[in-house]
Amino acid sequence: MMNNEDQLSALLREMPEQWGRDITDDGFTAGVVSQVVRRRRQRSAAVAVAGSIGGTVASSQLAGLANSEPLVQVAVAVLEPLQGIATPQFLMALVMAAVAGCVAWVLPNRV
Amino acid sequence: LSLGDDELAALAAANDGAAFGNLVGRHQGVVRGFLRRLTKDEMVADDLAQESFLRAYQKIALYRGPDRLRSWLLSIAYREFLAYRRKQKRWSFLGIGGRDAYEVDSEEDAESGGMESPRLEDKVVDTMALNRAMDSLVSAEREAILLCEVHGFSHSEAAKLMGAPLGTVKSHVSRGRKRLQSLLAGGQ
């Protein structure tokens, strides 16, 4: 006859199968799959936007970053408005303007 | 012809959404049940289960079989649970995040007689009673029992996941088992 130790072990090992029978429902699976599709779309959007920036941010780099969920959203939010105007020349001009701004602010303070 | 977990995982890694859906359907019960026992909150557990599967999808290419997909998914789910618990603790000083559902509330539950206690040897212990007994364990014991006794992780694997010394995990398992036996047999 099985002792209590063995019986407890058997009961514990049966738990996952019991959960599998009792908890499984198609709605959950559908929810996960739709989230997967949504996130895949976000990732594609991020990659497409990166592509439109004309190589300043390499698509492959962004695709790598896009694997981490919060970054996908940041990438899309930040890069989408720049679509079409964010050519390398535009970004270079932006950097130069920032440098000029810094110089203009620093110089008077040092004189 | 039904494919095995490893074949489905390989297909999912090649962006086959249907294959991944198949895996979710196959393992959701176990993952959700595991998280329900850990969190003692069905809604939170299901949210964590969803996040766990999404994380698994992102990392599916890193899965190395053979025949370890369920353990791999449970490891991810357990890490999601730990992250959730850290977040809860972080905000608890502001009173945000509600009751610390996974923490010890067991002593009162167990001793208040709230749990019916069928005798183990009569083989009338049903799932509900076992679930209630599991909920009555302190969280560290429950986690160790779930990982080692329910899901078959080795003590050292569990120690790594829990971030605890091996000896501590062993003693959690041992104490948890004793307590479960006592609860299921009608004692304290």
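Letters A, B, ... mirror the listed sequences (proteins, then strands); counts begin at 1. The structure presented is a predicted model; accordingly, all values stated were derived computationally and were not measured.
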Checked A/Met15, A/Glu14, A/Arg21, A/Glu17 vs chain B; the most non-hydrogen pairs under 4.5 Å come from A/Met15

If one checks every heavy atom of A/Val33 against chain B at 4.5 Å, the contacting part turns out to be side chain

- Query: Under a single-linkage definition using a 4.5 Å side-chain heavy-atom cutoff for Ile, Leu, Val, Met, Phe, Trp and Tyr, are B/Leu3 and B/Phe53 assigned to the same hydrophobic cluster?
  - Reply: yes

Expected contact set for residues 68-75 of chain B against chain A at heavy-atom separation under 4.5 Å reads B/Arg70

Going by heavy atoms in the side chains, are B/Val30 and A/Ile23 under 4.5 Å from each other? no

Honestly, the part of B/Glu51 sitting under 4.5 Å from a heavy atom of chain A is side chain

Taking every heavy atom of A/Gln35 against every heavy atom of B/Leu54, the minimum-distance pair comes out as CB-CD2, 3.5 Å

Taking a cut-off of under 4.5 angstrom between non-hydrogen atoms, the residues of residues 16-25 of chain B near chain A are B/Gly17, B/Phe20, B/Gly21, B/Val24, B/Gly25

Applying side chain to side chain contact (heavy atoms under 4.5 Å, CB included) to A/Ser9 and not counting sequence neighbours gives A/Arg13, B/Glu149, B/Arg177

**Request:** Report yes or no: does B/Arg32 contribute a side-chain atom to a donor-acceptor pair with the main-chain N or O of A/Thr24 at less than 3.5 Å?
**Result:** no

Across all chains, not counting sequence neighbours, the ring-ring contact (aromatic ring centres under 6.0 Å, His included) partners of B/His151 are A/Trp19, B/Phe34

Minimal heavy-atom distance between A/Phe28 and B/Gln50, with the atoms involved, is CZ-N, 3.7 Å

When rounded to the nearest 0.5 Å, the distance separating CG of A/Leu11 from CD of B/Gln181 is 10.0 Å

Discussion item. Quick one, B/Met134 and A/Leu12 - any side-chain contact, counting heavy atoms below 4.5 Å?
Written reply: yes

